[in-house]
Structure formats: C-alpha cells, structure tokens
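Worksheet: the structure to be examined is printed underneath.
All values reported here derive from a predicted model rather than from experimental measurement.
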Amino acid sequence: MNVELAKTQFNIQNSTFIIVIFRIRKKQATKKLDIKLMSVRVRFAPSPTGFLHIGGLRTALYNYLFSRHHGGTFVLRIEDTDQARYVEGAEHDIITSLEWAGMTIDEGPHKPGKVGPYRQSERKELYAKYAKQLVESGNAYYAFDTTQEIEEMRERLKASGNPSPSYDSITRQSMKNSLTLPQDEVESRLKNGEEHVIRLKVPRRETVKFEDLVRGVVSFETAGLDDQVLMKSDGMPTYHLANVVDDHAMEITHVIRGEEWLSSAPKHMLLYKAFGWEAPKMAHLPLIMSPSGGKLSKRKAETEGIPINTKDYITGNYEPEALINFLAYLGWSPGDDSEIHNMNELCELFTLDRVSKGGAVFNHKKLMWYNEHYIRQTSIDDLLLKINVLVKAAGYDVTDEEYLKKVIELLHDRVSKVDEFISMGAFFFEAPKEYDENALKKWKDDSAGFVKAYQSKIALIPESEFVATNLKTLLEETVSENEVGFGKVMMPVRIVTTGQGFGPDLFASLELLGKDEVLNRIDQALQHLN
RNA sequence: GCCGCGUUCGUCUAGGGGUCCAGGACGCCGCCCUUUCACGGCGGUAGCACGGGUUCAAAUCCCGUACGCGGUACCA
C-alpha cells in the first residue's frame, strides 16, 4: 500500500526510484513475516569426537544468537553415529563449554524436551524406519557390494579415463543392488542377514536449487552427486540421513552450520523432497581460517599459538564474554562502528543477513584486546572472586582480601588476562627468587650503594608512615643527595623488591608490601647483587 | 580433475551505482602523559585481486581470468 502511494507520487519524476523502494520493502516484509509465522527452532549438532573446538563454539553461538533474537528454541543434539570416532566424555565437554560461554541450552540430552531423545545413537529405529520407507517409495535401494568391489569399480573406471568415478545413477547399473538383482535374490540376501547398505537413488539429471540465508540462491547438478549411503552396514545411519530425519522430527526451522556442509546440502534437499517434507531454511557460515590459510585445524592452531578447544580457553583463564564478543564479530558485524557487545546485546543485534560470506582469519591479538577490555570493565570485587581461586591454585597462602584487592587495583589496567594478576604480581605473594635478566642490565656498579642509602632512610620511618608519598619523598632525597637521575635509584629499588624491571607504581607497591617485608627483601637481594 | 562457494588496509569488517581520492576496530609506527612497564590521549601507515563490459557515473551490476577455501567416504 505504501508502495502504491510512492508510485503515484513519484512516477512522473523518476521511475527507477520507485522500483528501488518497491524491492526493498518487499524483501523486508517477507523476511519478517516468515520468521514470525513459525516459532524458530535451531539446533547445534556436534559429533562427540573430542573437545568442542572453537569453530564449533562459534557455530553454536550463531545458532544461539539467532534463536534468542527470534525468541526461539536452542536445541543440542549429539550426532554420535560414528562409533569408531566416539570419545567418552566429549558430550559432557560440549555441554560445559556452552554453559561456560553463556549459552543456555533449551533442549538436549541432559535436558529432554518433547522431541527427544537427543542422541542419535538412541534414535536408531527411527532412521531404519525412514530408510526403509525410502526404499519402498523407490527413492532408495539396498546395495550389497563390498568395499573391495566398490574400490575395484572405481579403479576400473579410472583406468578407462573417468577422472572421478562414483557410485551414481550410471555405475549403479553394474553393481550388486536391489535395482539390478532379481527381487527374490534381494529378499534372500536380506533374509540371510547379508551385509548391505541403503543408498539414496540420486536422480540422473536434475538441478537442486535453494536459498541459503547467507549466500543467496545456490544451485547444484545432481549429476555430480554419488548415490549417498543412508544406512551403513553396521545399522547406523550416515550423517545425511540422520540429520534430515532429526531436523524434521525435531521441528528445526533453520539449519545454521559451517560452510563445509554446503556441498552436502543438495543431498539433504533431495532427501527432504524424497520424504515429501518441507526443508528447513539453510544458512552456511563462513569458516574460521588459520592465519597461515586454510580451515583452522587442531594442528595449525597449535603451531600458531591459538588455543583450539573451548576447554583451553576455560583453563587458560580467558573471559568468556571476551571470547563470545570476539567470535560473534568473526564473520558477522552489526553494521555500525561498535565493537563491544555483551551476549544480550548480541542477541538483539544478530541477524543472518549480516553474516559475511568469506572465511575469517582468527586473530589472537584482537581476542586479547577484547579480553583486556572485559577485565577493565570487571569490578575489583568480581575480580577478587577469580583471583582468590588462582592464588590458591598457584600455591600461595594469601587470604587477606583487603590485600588482594589492593593488588588487583594496582594491576587492573596492566593485565590482559586474569592469570597475569598472579604472574605479573607474583612479587606481591612471595619475595623474588630470581631477578629478571633484562632488568639486571640496568643494575650498575653504583646501584647497590643507592639501594642501601634508600634502605637506611626508609628504615627510620615508623610503620604507620610507611606510605607511598613518604616513600617517594625519601627516594627523591636519595636522588638529589647523590646527584643522579631518578631512574638510577628507582630502578634498582624496583629490582630488589620485585625482581622485575617493570610493573605497577613502585611506591604504592612498597607500601602494600609493608616495611618489614621491603627491608627484608632488600637485605636478601643485596646478598646476591653487588 | 570435477563440483560448489568466496575475494575491500597485514587481520576482522562498514559500504550494495553518485554523499567513498573508501569509514571503524585490532596490529604496527610516531608523539603526549609518565619513576619503569603498561593504561590512556592524539596522530600516522596501509586496501576495493586482475581484465573486459553495462552506465553520464562502478568498490558497488554483468562476464571472464587468477587466487583462496570447502566438498568430492559405509567421517561428521
């Protein structure tokens, strides 16, 4: 209606203008309508083959953000159909990782909803039933070929010049399956329990076209597709079958997954069609790339110093908010110049049409920048909670919370990760055992003399006046009496008391350490340093 | 090989025919602040892969090429 108005008002002047308006309005209108009509259900469907890696976490995140943006449901489904690659404990790791990151799973193996069970190994019968249904409807068939026979077929074809031999609409005609074998033989083979698989009967020449929510319309020719195995000989479904059956059974409305699945999507579309089901909307996310190129793999990440598993970020004391913020922006942006958003804001802002199409290189330095940012935003009291744990873990017996708070205050805007409060501030917890090599370069022949001079001054002031301002004044005195630069005295004092050549405000640090401790440390140090 | 998908500063991105001799962020460099190292503030460096079209006008639309990535399993 708005469009009509626009037309009558502007068509005399400029007809292209109207067309532009019309297109934009129409696009937005249909998109909003689509999503409002159905209640959004998305799933994160990892295989329990190891720890949840960072790419998986991001896929989960985008699913989560999308679900929350539309007030939908976030489902966790465990795709454990590959018994050989199953890893004990992986499921637990996935769940705890998602929770650590701040994502709430609405339905999952640990939190059953109406469409369970949520482990594919527990849904076997369902797949078998549907696979059989496909055979009966003529969309799939039994195949009895051994792996060896298939290999031989491939080699034979390769030898005769076929560069990519496959089990497809042509080659299946010369293989041992229910399409070529007489029906009674098929039946007897099945009755005898002979090993077999069920394959999808991929149509010979068809174009599979669908709209990907991040890429637009994509299309594939079925000629390039194998007759996919649907049921393996061990009675388990393949990913393709299980995935389609479950997404349908679990009423998933939007499939949001990594780009590595894009090539498989036409197989899935064919399956939906064969079942006569409406396919969910598809969105294939750009991959996270390694700085050296290629998909960020475990091996690459390790050699490039990037933690690959979510667990590594947990044990590495990263801020979950920082990781989430960073990951959200790796392949997506809200379209303005903002960089910082918490989970709630991300949920509000996230839309699939703002996901970028190209792969995104993981930039660890930017992650650290986010981490730093979130630490600075965290209050001293909240940091104290984390520091308490870390101090204990490091084996220090420091329980005075007021003391710890002061340590945190002094280091708050110098650390980029919480564990640096412990490493950078180690001298607050114990006297230095060794003196930093680089710092010692600044230790000159006259350093010990200056330190002694300063020591004798501060030894005279009462404990109650052992405060930063006084300590600074006395150091200034030492400086002027010796007619040297400030650093000539300050740095040696810093080295003997902290073991480091850098760090927080020296006088505030000395005040916090206390008179006895400072004097002791100086004595101790001067035994080693001359 | 074949199929598919991509390509804006080193990296993440904004931009989707004129408002862009391309904006922001990380990094890097410089300056300021400063007792060190940081933080912070200010400034700088650097990019539309290439070639053809279409158009009065192209980073933006079309076609090629190159390059990258993914897939091509009884793995997901």
Side-chain angles (χ1 to χ4, degrees), chain A residues 16 20 45-49 79-82 84-85 120 143 145-147 150 158 162-164 166-167 195-199 212 214-216 218-221 223-226 228-240 242-243 257-267 284 286-287 289 291 293-295 326 329-340 354 356-370 372 376 411-416 424 438-439 442 472 475-476 479 485-491 493-495 498 500-507:
Chain A
T16 31
V20 170
S47 293
T49 55
E79 309 226 324
D80 53 349
T81 55
D82 187 352
R85 293 209 300 158
Q120 290 187 327
D145 321 271
T146 62
T147 343
I150 295 170
K158 229 173 202 171
N162 187 333
S164 52
S166 51
Y167 202 122
E195 273 210 353
H196 67 278
V197 299
I198 295 178
R199 283 179 184 270
D212 185 282
V214 345
R215 277 147 222 289
V218 286
S219 88
F220 297 81
E221 300 300 323
L225 261 38
D226 264 34
Q228 290 303 308
V229 169
L230 266 19
M231 289 296 288
K232 300 186 261 192
S233 54
D234 65 0
M236 280 295 219
T238 58
Y239 171 86
H240 306 296
N243 198 258
R257 68 223 310 186
E259 196 190 343
E260 71 266 30
W261 293 110
L262 186 56
S263 308
S264 300
K267 302 166 192 170
H284 290 92
L287 261 21
M289 314 293 276
K295 188 158 92 164
F326 168 73
Y329 271 71
L330 205 54
W332 171 85
S333 93
D336 54 25
D337 287 343
S338 64
E339 298 280 341
I340 306 295
R354 295 209 59 86
S356 43
K357 298 179 176 81
V361 175
F362 191 103
N363 184 347
H364 191 258
K365 280 190 170 161
K366 186 139 193 187
L367 203 213
M368 291 314 290
W369 176 78
Y370 273 113
E372 241 171 74
R376 295 218 178 90
L411 291 167
H412 199 183
D413 51 13
R414 333 174 78 88
V415 300
S416 48
M424 201 182 277
N438 277 323
K442 292 188 179 166
K472 187 176 182 188
L475 193 122
E476 279 163 351
V479 164
F486 193 93
K488 284 289 244 179
V489 183
M490 188 281 281
M491 191 50 81
V493 171
R494 179 183 284 285
I495 294 171
T498 72
Q500 299 170 339
F502 58 88
D505 183 85
L506 178 62
F507 307 106

Pick out the pairs of N or O atoms, protein on one side and nucleotides 60-70 of chain B on the other, that lie under 3.5 Å.
| unit_1 | atom_1 | unit_2 | atom_2 | d |
| --- | --- | --- | --- | --- |
| B:G70 | OP1 | A:Lys295 | N | 3.2 |
| B:G70 | N2 | A:Ser263 | OG | 3.3 |

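- With rounding to whole Å, A:Trp369 atom CH2 is found 10 Å from B:G24 atom C1'.
- Taking syn as a glycosidic angle within 90° of 0, B:C39 qualifies as syn.
- Of the candidates B:C12, B:A76, B:A14, B:A76 carries the atom nearest the A:Asp82 side chain, counting heavy atoms from C-beta on.
- Between A:Ile150 and A:Arg199, the shortest heavy-atom distance links the atoms CD1-NH2, 3.5 Å.
- Counting to the nearest Å, the P atom of B:U11 and the CD atom of A:Glu339 are 17 Å from each other.
- A:Ser333 comes within 4.0 angstrom of sugar-phosphate atoms only, judged by non-hydrogen atoms across all strands, and of no base.
- The distance from atom OG1 of A:Thr49 to atom CZ of A:Arg85, rounded to the nearest 0.5 Å, is 5.0 Å.
- The nucleotide whose nearest atom lies closest to any side-chain atom of A:Lys357 is, among B:U7, B:A14, B:C75, B:U7.
- Atom-to-atom, CZ of A:Arg257 to C1' of B:C5 comes out at 14 Å; the value is rounded to the nearest Å.
- A:Asp226 contributes no side-chain N or O that, together with a main-chain N or O of A:Ser166, makes up a donor-acceptor pair within less than 3.5 Å.
- Comparing the P positions of B:G10 and B:C50 gives a spacing of 13 Å, expressed to the nearest Å.
- One atom, OH of A:Tyr370, and another, P of B:A25, lie 12 Å apart when rounded to the nearest Å.
- Rounded to the nearest Å, the gap between the P atom of B:G24 and that of B:C42 is 12 Å.
- Checking the phosphate oxygens (OP1, OP2) of B:U13, a side-chain nitrogen or oxygen of A:Ser356 falls inside 4.0 Å.
- Here A:Thr81 does not reach the OP1 or OP2 of B:C75: none of its side-chain N or O atoms lies under 4.0 Å away.
- Within the shown strands, nothing qualifies as a pairing partner of B:C39 under the Watson-Crick or G-U definition with both distances less than 3.5 Å.
- Under the Watson-Crick and G-U wobble criteria, each requiring two contacts below 3.5 Å, nucleotide B:U72 is paired to B:G1.
- A donor-acceptor pair under 3.5 Å is absent between the side-chain atoms of A:Ser338 and the main chain of A:Ile340, judged by distance alone.
- Rounded to an integer number of Å, the gap from A:Lys158 NZ to B:C2 C1' is 12 Å.
- Among the heavy atoms of the strands, none lies under 4.0 Å from A:Gly487.
- Smallest separation of non-hydrogen atoms from A:Gln120 and A:Asn243: NE2-N, 4.0 Å.
- The CE atom of A:Met490 sits 8.0 Å away from atom CG of A:Leu475, with the distance rounded to the nearest 0.5 Å.
- Within the nucleic acid shown, A:Phe362 has no heavy atom closer than 4.0 Å to any nucleic acid atom.
- At the heavy-atom level, A:Ser219 lies under 4.0 Å from the strands shown only through sugar-phosphate atoms.
- In this structure, NZ of A:Lys365 is placed 13 Å from C1' of B:C29, rounded to the nearest angstrom.
- Across all strands shown, B:C26 is found opposite B:G10 as a Watson-Crick or G-U wobble partner, with both distances under 3.5 Å.
- Pairing each heavy atom of A:Arg494 with each of A:Gln500, the nearest pair is CG-O, 3.4 Å.
- Across all strands shown, B:C21 forms no Watson-Crick or G-U wobble pair with both key distances under 3.5 Å.
- Between A:Glu259 and A:Lys295 no salt bridge is recorded (no basic side-chain N to carboxylate O distance below 4.0 Å).
- Distance check on atom P: B:U7 versus B:C62 gives 12 Å, rounded to whole Å.
- When the C1' atom is compared between B:A22 and B:G16, the two are found 14 Å apart, to the nearest whole Å.
- Within the nucleic acid shown, A:Val229 comes within 4.0 Å of sugar-phosphate atoms alone, with no base atom in reach, counting heavy atoms only.
- Separating the P atom of B:G51 from that of B:U72 is a span of 36 Å, rounded to the nearest Å.
- Proximity of A:Lys232 to the phosphate of B:C75: a side-chain N or O atom is located under 4.0 Å from OP1 or OP2.
- Closest to the A:Arg354 side chain, of the nucleotides B:C74, B:A76, B:A14, is B:A14.
- Between A:Tyr370 and A:Tyr329, the ring planes are tilted. Angles from 30° to 60° get that label.
- Here B:A25 presents its C1' atom at 14 Å from CG of A:Leu367, a figure rounded to the nearest Å.
- How far CZ of A:Phe326 is from CE of A:Met368: 11.0 Å, rounded to the nearest 0.5 Å.
- Looking only at distances, a side-chain donor or acceptor of A:Ser356 sits under 3.5 Å from a matching main-chain atom of A:Gly331.
- Of the inter-residue distances, the one linking A:His240 atom NE2 with A:Thr81 atom OG1 reads 10.0 Å to the nearest 0.5 angstrom.
- In this structure, the CH2 atom of A:Trp332 is 22 Å from the P atom of B:U11, given to the nearest Å.
- Pairing for B:U54 is absent, with no Watson-Crick or G-U wobble pair whose two atom distances lie under 3.5 Å.
- Between the C1' atoms of B:C61 and B:U55, the separation comes to 10 Å (whole Å).
- Within 4.0 Å of A:Tyr329, counting heavy atoms only, lie sugar-phosphate atoms of the nucleic acid but no base atom.
- Within 4.0 Å of A:Phe220, counting heavy atoms only, lie sugar-phosphate atoms of the nucleic acid but no base atom.
- For the pair A:Arg215 and B:G6, the criterion of a side-chain N or O lying under 4.0 Å from OP1 or OP2 is not met.
- B:U60: no Watson-Crick or G-U partner with both key distances under 3.5 Å is found in any strand.
- Using C1' as the reference atom, B:C3 and B:U60 are 28 Å apart when rounded to the nearest Å.
- Rounded to whole Å, the P atom of B:U45 lies 45 Å from the corresponding atom of B:C2.
- Pair assignment for B:G16 gives none, since no Watson-Crick or G-U wobble pairing has each distance under 3.5 Å.
- Across all strands shown, B:A46 forms no Watson-Crick or G-U wobble pair with both key distances under 3.5 Å.
- Heavy atoms of A:Val415 sit nowhere under 4.0 angstrom from any nucleic acid atom.
- Along RNA chain B, the nucleotide nearest to A:Gln228 and the one nearest to A:Gln120 differ in position, and the one closer to the 5' end is contacted by A:Gln228.
- Counting any heavy atom pair closer than 4.0 Å across all strands shown, A:Gly258 reaches no nucleic acid atom.
- Closest contact between the side chain of A:Asn363 and the listed nucleotides B:C5, B:U11, B:A76 involves B:U11.
- The 5' end of RNA chain B is approached more closely, in terms of each residue's nearest nucleotide, by A:Gly335 than by the other of A:Asp413 and A:Gly335.
- Contact annotation for A:Asn438: no contact, since no heavy-atom pair falls under 4.0 Å across all strands.
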